[in-house]
*Asks:* 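I have a structure I would like to understand better, so I am pasting it below and will then ask my questions one at a time.
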Amino acid sequence: MSKLQPVRGTRDICGDDARRFSQVVDIFKSVAGRFGFREIATPLFEFSEVFRRTLGETSDVVSKEMYSFIDRGGDEITLRPEYTAGIARAYLSGGMQQEGVVKLYAYGPMFRYERPQKGRYRQFHQLDVEILGAPEPQADVEIIALGQQLLEEMGLASQATLHLNSLGDPESRQAYRVALVAYFDGNKDTLSKDSLARLSRNPLRILDSKDEGDQKLVANAPVMVDYLNETSRDFITSVKRGLDILGIEYTDNPKLVRGLDYYCHTAFEFITNDLGAQGTVIGGGRYDGLIEQMGGPATAGVGWAAGIERLGMLLSDVPEGPRPVALIPLGEAAEEKALKIASQLRKAGRTVDMAFRGKLKKRLSRANKQNARYAIILGENELAKGQAIIRDLDEGSQREVPLEGLLAALPPES
RNA sequence: GCGGGCGUAGCUCAACUGGUUAGAGCACUAGAUUGUGAUUCUAGGGGUUGGGGGUUCAAGUCCCCUCGCUCGCCCCA
């Protein structure tokens, strides 16, 4: 293969892919807007510290997946591997604490150095929503409802299931962690080697291990619910009540553990079976400790991220845009006249395609490829009479109309 | 980082146990039609069989290395 190929894990988004992509983004912007979220666009890169501090040194993202480099000024920079840290940073840099509760949405590319596979790329794209400054469980409910609404409007609600868990507040989580480590420590010899590594790094992860032996151990392991203190229990109960009121169905999944350190209380994922090994289509939760960890004041936060590619792959066929009108001038005088006509039609809202060169035959052929419904043929003979031909490419019929009445004579866009 | 599968024309794929000049469909270009597309017919262009090395009288086919793609593990969206 030549070197003229995209870097591994990146790809060009064109044609059908592009339509799917913008379909996802368009619906997202519409839904987020109706929930009262404002758009924010944060930089594609941040000081590496921003991600290291918030995601945790031991997380996979930080330890092996970051695209980092030293810039010319000697600063260590990282291409963003996720949204939340950057948005939290923007919240602090922009003094948004002053504004009380802040609801933000964003979408754009993310970068992680991983082995690509179905639904996973090194440059991929996410939708993201965050509510900052709201410790209330109602915020969790709203954020989940937004995800549900998004899936419904994309026609994917039936393909995804909402999985819900509580990680508890820091106190509960810590207590559970201790109990869990003690339990698995006592069964070290039966643990898989992957899980052995997880034991010291992120013991909660053992819960969703795919190893059969691990799963047998997990079946008898201590359960998070038993370690939730009253505050934590009340919190998740309120969230569930909200979901019930909205009629949003969920599955309790005590094994649902998010990979990043900063999550607490609510953790949730919308999961599908239609994407191979990458089932998570929307994933998020609450991260009350993050902003403080970053050096700001204690600030609550809850949000989710969704994979645009993954959502796009689930979409059924996305229709093409409006069928253009092909404008076909023949001869120099007609070229100039056509230039004006094209402009007028476009100002009137019509989709117009005009080739830059070619004989009639060539141009009609192009019109056909562009999926044009009508062609306007402006030849020397017609021009002399002040007329043009409107040809219906589906029917194969055509008629002459006066140039003045062209727009009116053109059937509406289909 | 680890494991499986696969690399033949722009795309989708053929080529019997190794055997002559690597084929087809789609796409592209031109002509049949000097001002009529899509349909039809005819002709044409396009390949160092991913790259390198080896075995053999002979390699797209067998062996080794390498690059790439793909699916999975880890982890995540």
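Throughout, protein chains are lettered first and strands after them, A, B, ... in sequence-line order, and every chain is numbered starting at 1. What you see is a predicted model; the values in this text were computed from it and never measured.
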*Asks:* Pick base, sugar-phosphate or nothing for A:A305, based on heavy-atom distances below 4.0 Å to the nucleic acid.
*Replies:*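 If one applies the 4.0 Å heavy-atom cut-off, A:A305 turns out to touch the sugar-phosphate alone, with no base involved.
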
*Asks:* Could you state the atom-to-atom distance from CE of A:M313 to P of B:U70 in whole Å?
*Replies:*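 That distance rounds to 11 Å.
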
*Asks:* Output yes when a side-chain donor or acceptor of A:D71 lies under 3.5 Å from a complementary backbone atom of A:D75, and no otherwise.
*Replies:* yes

*Asks:* With no hydrogens and no angle check, just 3.5 Å: does a side-chain donor-acceptor pair link A:T251 and A:T161?
*Replies:* no

*Asks:* Rounded to whole angstrom, note down the C1' distance from B:G7 over to B:G60.
*Replies:* 11 Å

*Asks:* Whole angstroms only, please: what is the OH-P distance between A:Y374 and B:A38?
*Replies:*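 So the two atoms are 20 Å apart, to the nearest Å.
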
*Asks:* In Watson-Crick or G-U wobble terms, both distances under 3.5 Å, what is the partner of B:G68?
*Replies:* B:C6

*Asks:* Strictly below 4.0 Å: does A:Q117 bring a side-chain N or O up to OP1 or OP2 of B:G72?
*Replies:* yes

*Asks:* Considering only the P atoms, how many Å lie between B:A14 and B:G50, rounded to the nearest integer?
*Replies:* 14 Å

*Asks:* Measure CG/A:D194 against P/B:C2 and give the value in whole Å, please.
*Replies:*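 Answer to the nearest Å: 14 Å.
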
*Asks:* List every contact pair, protein side and nucleotides 35-37 of chain B side both N or O, where the distance is under 3.5 Å.
*Replies:*
from  : atom 1 : to     : atom 2 : distance (Å)
B:G35 : O6     : A:N381 : N      : 3.1
B:G35 : O6     : A:N381 : OD1    : 3.3
B:G35 : O6     : A:N381 : ND2    : 2.6
B:G35 : N1     : A:E382 : OE1    : 2.8
B:G35 : N1     : A:E382 : OE2    : 3.2
B:G35 : N2     : A:E382 : OE1    : 3.4
B:G35 : N2     : A:E382 : OE2    : 3.1
B:U36 : O2     : A:R391 : NE     : 3.2
B:U36 : O2     : A:R391 : NH1    : 3.0
B:U36 : O2     : A:Q398 : OE1    : 3.3
B:U36 : N3     : A:Q398 : OE1    : 3.0
B:U36 : N3     : A:Q398 : NE2    : 3.3
B:U36 : O4     : A:Q398 : NE2    : 3.1
B:G37 : O2'    : A:L364 : O      : 3.3
B:G37 : O2'    : A:S365 : N      : 3.4
B:G37 : N7     : A:R391 : NH2    : 3.2
B:G37 : O6     : A:R391 : NH2    : 3.2
B:G37 : N1     : A:L393 : O      : 2.4
B:G37 : N2     : A:N368 : OD1    : 2.8
B:G37 : N2     : A:L393 : O      : 2.6
B:G37 : N3     : A:N368 : OD1    : 3.3

*Asks:* Carefully, step by step, assess A:F235 and A:D140 under the rule side chain to side chain contact (heavy atoms under 4.5 Å, CB included).
*Replies:* CA-CA 10 Å; A:F235 195 93; A:D140 304 52; 3.4 Å; yes

*Asks:* Inspect the surroundings of NZ in A:K385 and state if more than 12 heavy atoms from other residues, nucleotides or ligands are less than 6.0 Å away.
*Replies:*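 Yes, NZ of A:K385 has more than 12 neighbouring heavy atoms, counting only those of other groups under 6.0 Å.
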
*Asks:* Under a 3.5 Å cutoff, is there a donor and acceptor pairing between the side chains of A:E413 and A:T351?
*Replies:*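 Checked: A:E413/A:T351 side chains pair up, N/O donor to acceptor below 3.5 Å.
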
*Asks:* Under 3.5 Å, is there a donor-acceptor pair between the A:D392 and A:S397 side chains?
*Replies:*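 There is no such pair between these side chains.
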
*Asks:* Looking across every strand, which nucleic acid part, if any, lies under 4.0 Å from A:G119 by heavy atom: base, sugar-phosphate, or nothing?
*Replies:*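 Base contact.
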
*Asks:* At under 4.0 Å between heavy atoms, what does A:E114 touch on the DNA or RNA strands: base, sugar-phosphate, or nothing?
*Replies:* base

*Asks:* Are more than 12 heavy atoms from other residues, nucleotides or ligands located less than 6.0 Å from atom CZ of A:F35?
*Replies:*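 Count over threshold, so yes.
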
*Asks:* So if I apply the salt bridge (Lys or Arg N to Asp or Glu O under 4.0 Å) rule between A:D353 and each of A:R346, A:R323, A:R366, which one comes out positive?
*Replies:*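 It is A:R366; the other options fail the test.
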
*Asks:* B:C74, B:G68, B:G72: which one has an atom nearest the side-chain heavy atoms of A:R8?
*Replies:* B:G68

*Asks:* Can you tell me if A:D169 and A:S172 form a side-chain donor-acceptor pair at under 3.5 Å?
*Replies:* yes

*Asks:* In whole Å, what separates the P atom of B:G47 from that of B:A24?
*Replies:* 15 Å

*Asks:* Counting Watson-Crick and G-U wobble pairs only, both distances under 3.5 Å, name the nucleotide matched with B:G1, or none.
*Replies:* B:C73

*Asks:* Between the side-chain atoms of A:R120 and the base atoms of B:C75, is any donor-acceptor pair under 3.5 Å?
*Replies:* yes

*Asks:* Please report, rounded to the nearest Å, how far the C1' atom of B:G68 is from the CZ atom of A:R115.
*Replies:* 11 Å

*Asks:* Touch check for A:R198, heavy atoms < 4.0 angstrom, all strands: base, sugar-phosphate only, or nothing?
*Replies:*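 Sugar-phosphate: the residue A:R198, judged by heavy atoms under 4.0 Å, touches backbone atoms but no base.
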
*Asks:* B:G72, OP1 or OP2 - any side-chain N/O from A:K118 closer than 4.0 Å?
*Replies:*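 For A:K118, the contact criterion (side-chain N or O under 4.0 Å from OP1 or OP2 of B:G72) is not met.
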
*Asks:* In terms of side-chain heavy atoms of A:E65, which of B:C75, B:C2, B:C74 is nearest?
*Replies:* B:C75

*Asks:* Could you tell me whether the side chains of A:D211 and A:S192 share a donor-acceptor contact shorter than 3.5 Å?
*Replies:* no

*Asks:* Whole angstrom is fine here: how far is it from CG in A:L207 over to C1' in B:C75?
*Replies:* 15 Å

*Asks:* What's the gap between B:C6 and B:G23 when it is taken at their P atoms, as a whole Å value?
*Replies:* 25 Å

*Asks:* Is the number of heavy atoms from other residues, nucleotides or ligands under 6.0 Å of A:E380 CD greater than 12?
*Replies:* no

*Asks:* Using heavy-atom distances to pick each residue's nearest nucleotide on RNA chain B, tell me which of A:V7 and A:A277 is more 5'.
*Replies:* A:V7

*Asks:* Nearest whole Å is fine: how far is B:C75 C1' from A:L256 CG?
*Replies:* 14 Å

*Asks:* Does A:F270 reach a base, just sugar-phosphate, or nothing at all? Heavy atoms under 4.0 Å.
*Replies:* nothing

*Asks:* Searching all strands shown, indicate the nucleotide that pairs with B:U55 (Watson-Crick or G-U wobble; both distances under 3.5 Å).
*Replies:*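 Answer to the pairing question: none, since B:U55 forms no Watson-Crick or G-U pair.
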
*Asks:* Under a 3.5 Å distance rule, please check whether A:Y176 uses its side chain to pair with a backbone N or O of A:P222 as donor and acceptor.
*Replies:*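 Side chain of A:Y176 to backbone of A:P222: a pair is present.
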
*Asks:* Between B:A77 atom P and A:E130 atom CD, what is the distance in whole Å?
*Replies:* 11 Å

*Asks:* What nitrogen or oxygen pairs link the protein and nucleotides 39-42 of chain B at under 3.5 Å?
*Replies:*
none

*Asks:* I'd like to know if A:K210 reaches the base of B:C73 with its side chain, counting only an N/O donor and acceptor under 3.5 Å.
*Replies:*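 No, no donor-acceptor pair under 3.5 Å.
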
*Asks:* Starting at atom CG of A:L196, determine the distance to atom C1' of B:C74, rounded to an integer number of angstrom.
*Replies:* 15 Å

*Asks:* Should we count CG of A:N273 as having more than 12 external heavy atoms under 6.0 Å?
*Replies:* no

*Asks:* Using a 4.0 Å cut-off on heavy atoms, which residues in residues 278-286 of chain A reach RNA chain B? List them by number, or say none.
*Replies:* A:Q278, A:T280, A:V281, A:I282, A:G283

*Asks:* Considering only the C1' atoms, how many Å lie between B:U55 and B:G72, rounded to the nearest integer?
*Replies:* 34 Å

*Asks:* Are A:T54 and A:Q293 linked by a side-chain donor-acceptor pair shorter than 3.5 Å?
*Replies:*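 Not at all, the side chains of A:T54 and A:Q293 share no donor-acceptor pair under 3.5 Å.
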
*Asks:* Suppose we define a pair by two distances each less than 3.5 Å, Watson-Crick or G-U wobble; what does B:U34 pair with here?
*Replies:* none

